[in-house]
A.B. asks: 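Have a look at the structure that comes next, please.
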Amino acid sequence: MSVRIKPITDHKSYEINGRTISKDPKGNWIYSCNLSLKELQAFVQYETIVIKNPRFKKHTKATYKG
């Protein structure tokens with residue numbers, strides 16, 4: 001299963017396989033639909049590598065295969 005992550009608004013909201021995940025005012029990630037374990041793991045990896053990295057000025061699309 002491939003997991004596609006697409007930034008909607010950098011540091012605020014992202015689309016994961018067509019489902020939206022966004023950050024609340026307290027800094028917690030919230031999502032309305034249930035994400036699979038693989039989708040959550042891919043997003044945590046994306047957050048570590050891209051979102052928290054200050055060298056990335058603009059976030060890019062990513063595809064995780066597994």
A.B. asks: Starting at CG of Leu40, measure out to CG of Asn34 and round the result to the nearest 0.5 Å.
C.D. replies: 9.5 Å
A.B. asks: What pairs meet the salt bridge (charged side-chain N to carboxylate O under 4.0 Å, His left out) rule with one or both residues in residues 48-58, with sequence neighbours excluded?
C.D. replies: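 Residue pairs with at least one partner in residues 48-58: there are none.
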A.B. asks: Under 4.5 Å between any side-chain heavy atoms of Thr20 and Tyr31, yes or no?
C.D. replies: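 No - every pair of side-chain heavy atoms lies 4.5 Å or more apart.
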A.B. asks: Ignoring hydrogens and angles, write down the donor-acceptor pairs under 3.5 Å from the side chains of residues 8-15, residues two or more places apart or on other chains.
C.D. replies:
from, atom 1, to, atom 2, distance (Å)
Asp10, OD2, His59, N, 3.3
Tyr14, OH, His11, N, 2.9
Tyr14, OH, His59, ND1, 2.6

A.B. asks: For a quick test of reading the model, state the closest non-hydrogen atom pair linking Arg19 to Cys33 and the distance between them.
C.D. replies: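 Taking Arg19 first and Cys33 second, the nearest heavy atoms are CD-CB, 3.5 Å.
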A.B. asks: Taking only residues at least two apart or on different chains, which pairs with a member in residues 24-36 satisfy salt bridge (charged side-chain N to carboxylate O under 4.0 Å, His left out)?
C.D. replies: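 The answer is none; no pair qualifies.
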A.B. asks: Mind checking what makes side-chain hydrogen bond (donor to acceptor under 3.5 Å, both in side chains) contact with Gln41, not counting sequence neighbours?
C.D. replies: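 Checked Gln41 against side-chain hydrogen bond (donor to acceptor under 3.5 Å, both in side chains); zero matches.
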A.B. asks: How many angstroms lie between atom OH of Tyr46 and atom CG of Asn53, to the nearest 0.5 angstrom?
C.D. replies: 11.0 Å
A.B. asks: Report the residues that fulfil side-chain hydrogen bond (donor to acceptor under 3.5 Å, both in side chains) with Asn17, sequence neighbours left out, ordered by chain and then residue number.
C.D. replies: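 So Asn17 forms a side-chain hydrogen bond (donor to acceptor under 3.5 Å, both in side chains) with Glu39.
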A.B. asks: By side-chain contact (heavy atoms from CB on, under 4.5 Å), which residues pair with Thr63, not counting sequence neighbours?
C.D. replies: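 side-chain contact (heavy atoms from CB on, under 4.5 Å) check on Thr63 returns Ser2, Arg4, Lys65.
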A.B. asks: For residues Phe43 and Leu35, determine if any side-chain heavy atom of one lies less than 4.5 Å from a side-chain heavy atom of the other.
C.D. replies: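 Not in contact.
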A.B. asks: For the CD1 atom of Ile16 and the CD1 atom of Ile5, what is their distance to the nearest 0.5 Å?
C.D. replies: 5.0 Å
A.B. asks: Do Ile30 and Lys23 have side-chain heavy atoms sitting under 4.5 Å apart?
C.D. replies: no
A.B. asks: Let's go through Glu47 and Trp29 carefully: what are the C-alpha distance in whole Å and the side-chain angles of both, what is the deciding distance for side-chain contact (heavy atoms from CB on, under 4.5 Å) to 0.1 Å, and is it a yes or a no?
C.D. replies: CA-CA 11 Å; Glu47 180 182 26; Trp29 291 105; 2.9 Å; yes
